[in-house]
Amino acid sequence: MKLDYFFNPKTIAVIGATDRIGSVGRGLVKNLINGKKASAQGGSRRKIFLINPNRKKVFGVRTLPSVLKIKEGIDLAVIAVPAQIVPKVVEQCIQKRVKSAIIISSGFAETGQKGAILQDKVKQALNRADTPFVGPNSLGVLRPCTGLNASFAPLTPSKGNIALISQSGALIDAIIDASNGKSWGFSAIISYGNEAGLTLTDFLNWAKNDPKTKVIALYLEGLKNGRQFFESAKEASAKKPVIVLKGGKNPGSKKAVFSHTGALAGESQIYSAAFKQAGLAVVSSIEELLDISKALSWQPKCKNGIAVVTNGGGAGILTADYCFQLGIKLPKPSPAALRKIENSKLMHPGYSKSNPMDMVGDALSDRYRIAIEAMMSQKNISGLIVIQTPQTMTEPIKNAKIIIEAQKKWPQKPIVTAFIGGKLTEPAGKILEKNHIPNYPDPYRAVRAIQSLIINQ
């Protein structure tokens, strides 16, 4: 199924457009108008039609009473009206022969039996017309590279190569906010809501073939067709990394799942086993979902065998513990590597001569350089974790630049960093991430990130 009309529509009708403060319709219109300006700057032109029979103008733009009053063809209808009005609006869209629809409106299967009947009525009508749709109860669809924000999200995310597909719209809002001002971004963000129309599987199949997408991140609560999903997930993970965060793992949360999106949550152990069998990376938090998505979108895969370079003994011990817990091998420095370090005359005589390699707390950037080069030159070292703790003499910016140089010299070996601290390390962390080297404020997060890059881990 082609989904072009959802991700790069030339004509959009917003049904339920308004400028009323605090309304969903206001958020939709603002995002689409801003996206229209962005798409025009990029060379493509998008027309937005505002539909509201009760207002003559919205944000100074003339409205129309119905989608039927639009003279041009409509690629995408975005519907944000009360649930009981949606069937009438859908019939008008079918009559107009709109090519696709996003139903933002809530009040359907997630509310109980009456809502489920109303949802089925809408679904049957659109299916008969062969009109693909998303929702209902959806935040919307975003495609940053085309300037499309057909959602009521509070911000528009940056362009990137992570496709986020989520059953929860509120989590998408939080993730967009978390990504604001960061060096990573999204190829697409999709809120599929109640999944009455297009399903998670449909979007997974689309993302695996999307040239703008390098990593697929999923948040789901329940599955309507588990076998179909797992077959598609296995195919997708063979082409691109797929990371999954699942909600609804305990009896209390399972009830919340049904009242949220009208989906049923299954046994967590069964899901986890099936996810792993399909080749998906399973995570347990939003933070972990984003950490690993970032690492996979920026860094290459590698074999097991990682070096750790640090200026803090305690941080090195913690990192070694985490590596052991997660099955990461830490090869010993080779005699050649140790000779290279000692011949440089730069290293403190009390350095650890092991992996993790503790260069001692007063390490300046020259020690980082010689330790990194010695370890990365070693054949059985396939990747690197660089830890920095902020001492009085530490040179965070210089250290960051040395790490960037190392990445250019060994592009086939992933590097992740943990510049631990706050105000003193933040500028260096931004430089690292601007150059697509993932930086984390805690060693565990760096270890978990590099674990996701290890083949057959």
Is there a side-chain contact between [X] and [Y] in this structure, where contact means two heavy atoms from C-beta onward sitting under 4.5 Å apart?
X	Y	answer
Leu326	Tyr444	yes
Asn8	Arg143	no
Ile341	Met357	yes
Met347	Arg367	yes
Leu296	Lys301	yes
Leu164	Ile175	yes
Val134	Phe203	yes
Met376	Leu384	yes

- Does a donor on one side chain and an acceptor on the other come within less than 3.5 Å for Lys239 and Asn209? yes
- Query: Any side-chain donor paired with an acceptor under 3.5 Å for Glu110 and Gln119?
  - Reply: no
- Item | Arg46 and its side chain to side chain contact (heavy atoms under 4.5 Å, CB included) partner, picked from Thr11, Leu32, Leu148 | Leu148
- Query: Picking from Ile420, Asp358, Thr417, Leu318, what satisfies side chain to side chain contact (heavy atoms under 4.5 Å, CB included) with Ile387?
  - Reply: Ile420
For the pair [X] (side chain) and [Y] (backbone), establish whether a donor and an acceptor sit closer than 3.5 Å, ignoring hydrogens and angles.
X	Y	result
Lys208	Ile216	no
Tyr440	Asp291	yes
Asn31	Ser151	yes
Thr63	Lys56	yes
Ser237	Ala278	yes
Gln299	Pro438	no
Thr199	Asp202	yes
Lys214	Ser297	yes
Lys246	Tyr271	no
Thr213	Val215	no

Could you pull out the closest heavy-atom pair between [X] and [Y], with the gap in Å?
X	Y	result
Phe186	Ser179	CE1-OG, 3.7 Å
Met359	His348	O-CB, 4.1 Å
Gln391	Thr389	NE2-OG1, 2.8 Å
Asp173	Pro154	OD1-CD, 3.3 Å
Tyr5	Lys99	CZ-CD, 3.1 Å
Ala163	Ser187	N-OG, 3.4 Å

Quick one: pull up [atom1] in [X] and [atom2] in [Y] and give me the separation to the nearest 0.5 Å.
X	Y	atom1	atom2	result
Asp75	Lys47	CG	NZ	11.5 Å
Leu76	Asp4	CG	CG	12.0 Å
Leu155	Asn180	CG	CG	5.0 Å
Ser382	Ile450	OG	CD1	9.5 Å
Ile102	Phe133	CD1	CZ	12.0 Å
Ser166	Glu221	OG	CD	7.5 Å

Within 6.0 Å of [atom1] in [X], more than 12 heavy atoms from elsewhere:
X	atom1	result
Lys329	NZ	no
Lys182	NZ	yes
Phe324	CZ	no

What donor-acceptor contacts under 3.5 angstrom involve side-chain atoms of residues 395-403, with partners at least two apart or in another chain?
unit_1	atom_1	unit_2	atom_2	d
Glu395	OE1	Ser365	N	2.8
Glu395	OE1	Ser365	OG	3.1
Glu395	OE2	Lys398	NZ	3.4
Asn399	ND2	Gln388	OE1	2.9
Asn399	ND2	Glu395	O	3.2

- Item | Step-by-step side-chain contact (heavy atoms from CB on, under 4.5 Å) determination, Glu405 to Arg369 | CA-CA 9 Å; Glu405 288 171 14; Arg369 175 180 278 107; 3.6 Å; yes
- Criterion side-chain contact (heavy atoms from CB on, under 4.5 Å) on Asn311 and Tyr368, from CA distance to verdict: CA-CA 8 Å; Asn311 70 338; Tyr368 270 96; 3.3 Å; yes
- Task: Show your reasoning for whether side-chain contact (heavy atoms from CB on, under 4.5 Å) applies to Cys93 and Ile15.
- Result: CA-CA 10 Å; Cys93 288; Ile15 305 171; 3.6 Å; yes
- Item | Thr201/Asn225 under side-chain contact (heavy atoms from CB on, under 4.5 Å): CA gap, chis, key distance, verdict | CA-CA 9 Å; Thr201 301; Asn225 190 328; 5.9 Å; no
Sequence neighbours excluded and cut-off under 3.5 Å, please list the side-chain donor-acceptor pairs for residues 429-437, or say none.
unit_1	atom_1	unit_2	atom_2	d
Glu433	OE2	Lys294	NZ	2.6
Glu433	OE2	Asn439	N	2.9
Asn435	ND2	Ile431	O	2.9

- Query: Mind checking whether Phe230 and Phe275 have ring centres under 6.0 Å apart?
  - Reply: yes
- Message: Taking the ring centre of each residue, are Trp206 and Phe6 less than 6.0 Å apart?
- Response: no
